[in-house]
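Order of appearance sets the numbers: ligands from 1, and atoms from 1 within every ligand.
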Amino acid sequence: MTRGSVEISLAELAARVRKRAAGHTGRFVLGIAGPPGAGKSTLARGVRDELNLAAGTGIAEVAPMDGFHLTNAQLRAAGNLVRKGEPDTFDAGGYVELLRTLRASAPGVEVPWPTYDREIHEPVPGGVVFDRQTIVVTEGNYLLLDDGDTTGWSAVRPLLDETWYLDVPRPIIEQRLIRRHMRGGRTMEAARTKVAQSDLPNAGLVERTRTTADLVLRKSGRHYRIC
Ligand SMILES: Nc1ncnc2c1ncn2[C@@H]1O[C@H](COP(=O)(O)OP(=O)(O)O)[C@@H](O)[C@H]1O
Ligand SMILES: [Mg+2]
């Protein structure tokens, strides 16, 4: 343990969520925010898997914000393809509406949720279907963005029962994002340009939301550190 901070395992994080969700009426929504490449999707899947393992049944599922990327055709038509990933290149209103539906519907009622395919670089309608799950782990860059309604993200926060911010040093996200873009088909040079001109400015917007989260986490070896 580092002085002044507490280390917590994935299983302990999941136990915290389960405790908070118990006694909650309707579906409980955990929101995980953080800059691109922070490891949000990885953490969300980890928490989901720990919750389901401990319960012995599927009580949790992930609802990625990334499923609400506008399609490449929509972005191209608006001349925004090069800005893909910025706050207004997602359907924030659609995300908010479906999150509301998920909260309002009884477990057992099917709610299809879109995912994002990193091979074809497009959203996949109904990529995951919520059914009996009572815990929703939603994750994405802009969950805590309060931009005074310009892009619609400020409507998200009231729909989250608990919020975590996943913090990560800039050099690490830079490396991870360059690698991710190269895996997605970009040359090293194109990957570096995308990171410098798009991902890092987006990370800057997200980093300003850090102080508004209920819990700030950093990966520390096999565990996480509460900051
Ligand atoms: N704790 C971690 N340690 C090392 N690499 C990680 C960790 N979490 C995620 N990664 C890697 O970093 C990249 C980004 O992770 P991801 O979960 O997709 O981030 P995000 O959803 O925040 O963009 C992926 O290649 C993933 O395998
Ligand atoms: Mg992700």
Side-chain angles (χ1 to χ4, degrees), residues 2 5 7-14 29-51 60-70 84-87 89-92 95 98-99 113-124 127-128 136-145 153 156 160 163-186 188 191-192 194-210 213 215-227:
T2 313
S5 68
E7 288 214 344
I8 188 166
S9 69
L10 206 49
E12 287 167 330
L13 281 166
V29 183
L30 165 68
I32 303 177
K40 302 177 298 293
S41 302
T42 307
L43 173 60
R45 285 193 297 266
V47 170
R48 173 199 63 193
D49 292 348
E50 289 287 347
L51 280 164
E61 187 50 279
V62 177
M65 187 204 96
D66 266 359
F68 288 86
H69 266 287
L70 295 175
K84 187 169 178 170
E86 293 185 22
T89 63
F90 292 82
D91 176 13
Y95 172 77
L98 198 57
L99 205 51
W113 188 281
T115 54
Y116 185 73
D117 188 323
R118 286 202 177 275
E119 285 189 10
I120 59 167
H121 307 288
E122 293 279 14
V124 180
V128 64
V136 177
V137 184
T138 189
E139 54 90 11
N141 297 350
Y142 302 125
L143 268 47
L144 298 175
L145 200 67
W153 291 112
V156 175
L160 306 176
T163 58
W164 297 353
Y165 182 95
L166 186 55
D167 201 14
V168 70
R170 274 285 180 105
I172 293 182
I173 59 173
E174 281 191 56
Q175 277 174 21
R176 284 185 188 165
L177 291 168
I178 289 169
R179 250 185 267 135
R180 181 198 277 174
H181 289 312
M182 289 176 71
R183 270 203 307 273
R186 283 184 163 93
M188 164 100 71
R192 282 188 192 283
K194 177 71 180 167
V195 170
Q197 294 184 356
S198 181
D199 294 322
L200 293 184
N202 294 339
L205 285 178
V206 175
E207 280 159 6
R208 292 208 282 276
T209 71
R210 181 187 191 274
L215 200 64
V216 177
L217 297 169
R218 260 197 189 210
K219 183 82 179 161
S220 171
R222 286 174 49 241
H223 296 313
Y224 287 85
R225 209 171 70 228
I226 299 179
C227 301

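When only non-hydrogen protein atoms are considered, atom 19 (O) of ligand 1 lies nearest to G39 N, 3.0 Å. Protein heavy atom nearest atom 26 (C) of ligand 1, with residue, atom name and distance: T42 OG1, 4.1 Å. Nearest protein heavy-atom neighbour of atom 21 (O) of ligand 1: S41 OG, 2.8 Å. Regarding atom 25 (O) of ligand 1, its nearest protein heavy-atom neighbour is R183 NH2, 3.3 Å. Here the heavy atom of the protein found nearest to atom 14 (C) of ligand 1 is R180 NH2, 3.5 Å. Protein heavy atom in closest approach to atom 5 (N) of ligand 1: R176 NH2, 3.5 Å.
Note on D66 versus R118: salt bridge recorded, some NZ/NE/NH1/NH2 to OD/OE distance being below 4.0 Å. Ionic pairing of E207 and R170 is present here: one or more N-O contacts between side-chain nitrogen and carboxylate oxygen are shorter than 4.0 angstrom.
With respect to H69, the ring pair (Phe, Tyr, Trp, His ring centres under 6.0 Å) criterion is satisfied by exactly one of Y142, Y95, Y116: Y116.
Look at S41 and the Mg ion (ligand 2): an N/O/S atom of the residue is under 2.8 Å from the metal.
A donor atom on one side chain and an acceptor atom on the other are not found under 3.5 Å apart for S198 and E86.
Here's the thing with G37: one of its N/O atoms is less than 3.5 angstrom from an N/O atom of ligand 1.
For ligand 1 and K219, the ligand atoms under 4.0 Å from any heavy atom of the residue are 1 (N).
Residues I226 and L217 meet the side-chain proximity criterion, which asks for heavy atoms closer than 4.5 Å. Between V29 and V137, the closest side-chain pair of non-hydrogen atoms is not below 4.5 Å. Between L43 and Y224, some side-chain heavy-atom pair lies under the 4.5 Å cut-off.
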